[in-house]
Amino acid sequence: MESEENISDVSTAFSKALEVISTSEPTVAEHIRGELDNQRSQLKLIASENYASPAVLLAMGNWFSDKYAEGTPGHRFYAGCEFVDKVETLASNHAKELFSANYAYVQPHSGIDANLVAFWSILAHRIEAPFLASHGKRHVNDLTDSDWETLRTSFGNQRMIGMSLDAGGHLTHGFRPNISGKLFDQRSYGVNPETEILDYDEINTLAKEFRPLVIVAGYSAYPRKVNFAKIREIADSVDATFMVDMAHFAGLVAGKVFADDFDPISNAHIVTSTTHKSLRGPRGGIVLSNEEELAEFIDKGCPMVLGGPLANIMAAKAVAFAEARQPEFREYASNVVNNASALASGIEKRGGRLVTGGTENHLVLVDVRKFGLTGRQAESALEDAGVVVNRNSIPFDPNGAWYTSGIRLGTPALTTLGMGEDDMDEVADIICSTLKAAEPTKTSSGEQSKANYILASEIQASNRERAGDLLRLNPLYPDLNLI
Ligand code: PLP
């Protein structure tokens with residue numbers, strides 16, 4: 001606890017905010033404190049999480065939240081949007097500069113929402129607009145019932161290809177449980193069974209046979225770079241719109257780790273992202289494009305598929321983009337990748353098997369069958385030892401999507417804390433010693449359980465202690481001491 005006279009601004013800001021919250025509902029203030037304690041006591045290796053700066057967090061909690069602002073800056077369906085217009089324009093300009101994009105839409109509330117905006121703008125541009133033009137109409141309301149029915153049917157007849165889920169793709173890339181799979185007829189491409197690396201020839205063959213309207217690239221669990229220039233060539237050869245979902249690796253694009261053929265912005269027609277993963281902003285989404293014809297439809301995201309824009313979150317996005325434009329962010333992005341490589345080598349030298357044999361980005365996918373465990377057991381055992389990860393399918397996973405055979409580890413959060421490559425070796429040791437010590441139990445029928453295990457309490461305690469040591473040396477929000 002700090003003395004009154006040398007208390008930091010960050011401590012004052014959050015402590016006073018909690019005092020104010022307590023006057024309405026003290027339990028919420030308690031849970032906010034509890035969450036901070038929790039985050040400070042675990043090694044966070046969830047590849048999709050990070051720690052936003054105090055400035056980003058504070059920008060979210062204010063009266064911008066009270067304003068309705070459907071529409072775009074200067075073209076709102078509500079009066080009184082002067083400052084929302086300014087903050088949205090600022091966020092959009094920062095995003096354009098950060099990513100070298102001609103156009104940036106900063107309203108999506110999340111990555112899923114950003115993808116929906118992208119899908120609808122592609123359909124509007126490629127299907128609806130030409131249909132209206134061929135019928136001499138300007139608006140869907142001007143179509144006859146029968147023409148409208150024809151157009152509706154035609155939306156449902158469009159095709160998409162995306163990366164398969166077990167290769168690391170995302171549910172929103174045309175898979176049936178998600179609305180994208182109900183909208184599009186989808187086929188997926190995967191990885192080479194030997195190398196576990198993307199097979200561009202397979203993408204090419206599939207594209208030529210299936211003739212999709214949209215090719216989606218991007219992933220949530222693929223530990224390698226993707227050659228977007230190659231996929232763009234394939235897309236052009238079949239007249240498909242090429243969309244990249246860079247939700248996971250946007251921070252590496254902003255930090256210029258992924259450039260040239262590996263840069264999604266200069267290679268795709270449309271790019272979507274979250275803002276809260278490696279990009280280290282508030283929870284939210286963005287859509288970027290260099291294609292003027294798409295921009296006019298992306299702008300219609302709200303109210304086409306989005307609820308009213310969250311001005312407080314757009315303010316926080318502007319803060320996060322301003323932070324990501326600083327030279328230190330480039331250093332951060334390259335440290336994220338170096339840390340992932342160090343973590344991967346640390347795990348491999350301790351007997352772990354890495355999917356694809358390594359990593360070129362912020363994440364490492366470990367096949368935990370070598371430790372005699374399922375992903376579910378590994379995830380729980382690591383939580384017992386103070387390490388938070390998530391279980392994940394590996395390519396051609398024999399254990400299915402619930403138990404899985406893998407764990408996904410990501411370095412964005414620990415890198416934000418200031419950890420480096422030596423720390424990653426210690427993290428690898430904590431992980432591997434925990435996984436080696438965890439033993440699956442038997443089910444009542446004598447089979448090896450896929451969910452239950454035993455882990456000696458001494459290992460749990462000693463590894464928690466080691467995780468705690470790393471966190472004490474690299475504290476979360478070092479300037480923040482709640483009073
Ligand atoms: N796209 C990809 C590739 C993701 O990994 C995720 C989230 O994990 C999303 C989209 C969805 O993002 P959100 O949870 O913000 O909707």
Side-chain angles (χ1 to χ4, degrees), residues 44-50 52 56 60 95 105-120 160-175 177-181 183-184 186 188-190 198 214-226 228 231 242-254 258 264-265 268 270-288 301-302 305-307 309-310 313-314 316-317 320 336 361-365 388-393 401 404 406-413:
K44 192 203 279 209
L45 282 151
I46 305 263
S48 50
E49 293 184 9
N50 211 327
V56 168
M60 282 189 262
Y105 184 63
V106 296
Q107 290 190 15
H109 311 326
S110 75
I112 288 184
D113 293 13
N115 286 348
L116 274 179
V117 171
F119 296 147
W120 275 113
M160 165 186 287
I161 64 176
M163 189 174 188
S164 71
L165 286 178
D166 74 345
H170 195 258
L171 209 60
T172 56
H173 300 174
F175 293 92
N178 180 260
I179 185 73
S180 56
L183 253 179
F184 288 95
Q186 195 258 29
S188 52
Y189 56 85
L198 263 182
V214 190
I215 297 183
V216 183
Y219 52 79
S220 40
Y222 179 68
R224 295 284 170 176
K225 296 203 278 197
V226 174
F228 298 118
I231 305 183
F242 180 32
M243 166 176 156
V244 174
D245 175 353
M246 63 169 187
H248 255 259
F249 51 89
L252 306 185
V253 178
F258 289 172
I265 319 291
I270 186 164
V271 176
T272 60
S273 185
T274 56
T275 47
H276 48 275
K277 303 183 202 265
S278 54
L279 195 50
R280 215 164 58 182
R283 296 198 76 83
I286 42 170
V287 182
L288 304 161
C302 167
V305 291
L306 295 177
L310 310 174
I313 305 299
M314 294 194 291
K317 285 174 186 171
V336 165
N361 56 17
H362 64 297
L363 68 86
V364 179
L365 201 55
V388 187
V389 306
N390 67 285
R391 64 184 184 279
N392 214 100
S393 299
T404 80
I407 50 169
R408 186 185 67 163
L409 313 174
T411 52

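Sequential numbering from 1 along the given sequence is applied to the chain's residues. Start at 1 and go down the list; that is how both ligands and their atoms are numbered.
No hydrogens or angles considered: a donor-acceptor pair under 3.5 Å links the side chains of His173 and Asp245. Residues Thr272 and Asn115 have side chains that bring a donor and an acceptor to within less than 3.5 angstrom of each other.
Phe119 has its ring centre less than 6.0 Å from the ring centre of Phe184.
Side chain of Lys44 to main chain of Glu49: no donor-acceptor pair is present (N/O by atom type, distance under 3.5 Å, no hydrogens or angles). In this structure, the side chain of Ser393 does not engage the main chain of Asp166 through any donor-acceptor pair within 3.5 Å. Judged by distance alone, with hydrogens and angles left aside, the side-chain atoms of Tyr222 form a donor-acceptor pair with the main-chain N or O of Leu198 at under 3.5 Å.
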Ligand-protein N/O pairs under 3.5 Å (ligand 1):
| unit_1 | atom_1 | unit_2 | atom_2 | d |
| --- | --- | --- | --- | --- |
| ligand 1 | 1 (N) | Asp245 | OD1 | 3.4 |
| ligand 1 | 1 (N) | Asp245 | OD2 | 2.6 |
| ligand 1 | 8 (O) | Lys277 | NZ | 2.7 |
| ligand 1 | 15 (O) | Gly111 | N | 2.8 |
| ligand 1 | 16 (O) | Ser110 | OG | 3.0 |
| ligand 1 | 16 (O) | Gly111 | N | 3.2 |
| ligand 1 | 16 (O) | Ile112 | N | 2.9 |

